[in-house]
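Note sheet for the following structure.
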Amino acid sequence: MEQQNLNRSPSVLTINLEAICENWLQLKSRLQNAECAAVVKANAYGLGAQKVAPALYQAGCKHFFVAHVNEGIELRPYLSDDATVYILHGCTAGTEVDCVVHNLVPILNSLGQLMAWQTLGKRLGRALPAALQIDTGMARLGLDEGELEKLITNPQMLQGIDVRFLMSHLVSAENQTASINQLQRDRFLNAFQHLPISKTSLANSSGIFLGPDFQFDLVRPGAALYGVTPVEGEDNPMRQVIRLQGRVLQTRTVYPGTSVGYSHTWTAAKRSRIATVSVGYADGYLRSLSNRGHASFEGRRIPLVGNISMDTITLDVTDIPEDEIHEGSMIDLLDPELGVDEVAKQAGTIGYEVLTNLGSRYTRQYV
Ligand SMILES: *Cc1c(COP(=O)(O)O)cnc(C)c1O
């Protein structure tokens, strides 16, 4: 990014690809025999799949997961042929040919998807690659109990499909004491023992931290790569990977009794200095942070006061000298100290949502 351009930018999102790769390598080092994939759906959780995926490929990652066929089509040209791009939602009806043409591997989530894939393979005269997902407790995607039963009694339904692995997804992996974890693992293993499939994949980011019993052959971390904490209630071992800075548009002094912003939800109790910063809910800065969130300036916390507007927030910068914060100053809204999990907590949501909301108006800078 040219300096000229950055100087004009109302807000800058800096994405540290090296930190993402370091997080991937850290997760990989926690594995016994499993391979480590990377989940880059939803534009790599808002951080830019076309930058993140090639960087991870350079770090050694060969398996990439997106949600939609369209996401796969967009990403495929940015990766070499020896990298595999999996489609978590599978080939939704009518997109089977797209998957073949664009060299995408669908996760088959129903017998219908499975049969359509088999039929296409027959027509093309080759075994098309896929993975098979079964539901073990999420009740969201994958073969349900009845479909699984049917497949186990009719394994020829898999004939002519190159099934790379059996897959399922954990409900509460971030909670290490949740009993559903073990239950899902038992159901998964039971199905595996009854199917002619040789490899397995169960764990997301948090699942890796449940230990070797949950890692199987391929793990699928997403959030932890991007700095979200994988284990509830424990220190976050992952590096923060983003810095979000907003520019001060104006500062003003307000006097006791003066209220700030839409609906006047905050009123100054003493003489205060307010800084208006050019980031708002239209940028994905969650409105639920109104009167609750914080910004930071050179390590000092600054409370957010008043309601968040579409394009601006207001900060109480009374405690910071005027020669330090003034028109044009850049204030941190997310940084290594003020991480996604803390901001998520203040907003009443999870780090995943803070990330995937990061808006398109930010000037993006990759380092
Ligand atoms: C999103 C997703 C993942 C990644 O989960 P994280 O919690 O972000 O690590 C893995 N597997 C499936 C099926 C997913 O949908």
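Note that ligands are numbered from 1 as they come in the structure, with each ligand's atoms numbered from 1 the same way.
- Residue Tyr57 places its OH atom among more than 12 non-hydrogen atoms of other residues, nucleotides or ligands, all under 6.0 Å distant.
- Aromatic pair Phe165/Phe216: centroids not less than 6.0 angstrom apart.
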Mind running salt bridge (charged side-chain N to carboxylate O under 4.0 Å, His left out) on Asp283 and Arg361 for me, showing each step along the way?
-> CA-CA 6 Å; Asp283 301 289; Arg361 291 207 287 190; 2.9 Å; yes
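- With sequence neighbours left out, the ring-ring contact (aromatic ring centres under 6.0 Å, His included) criterion links His294 to no other residue.
- Within 4.0 Å of ligand 1, protein heavy atoms belong to Val39, Lys41, Tyr45, Leu88, Arg140, Met167, His169, Asn204, Ser205, Arg220, Pro221, Gly222, Ala223, Tyr352, listed by chain and number.
- Side-chain contact between Val105 and Ile87: absent, with no pair of heavy atoms (C-beta onward) separated by less than 4.5 Å.
- Annotation for Lys28: atom NZ does not count as buried by contact number, only 12 or fewer foreign heavy atoms lying within 6.0 Å.
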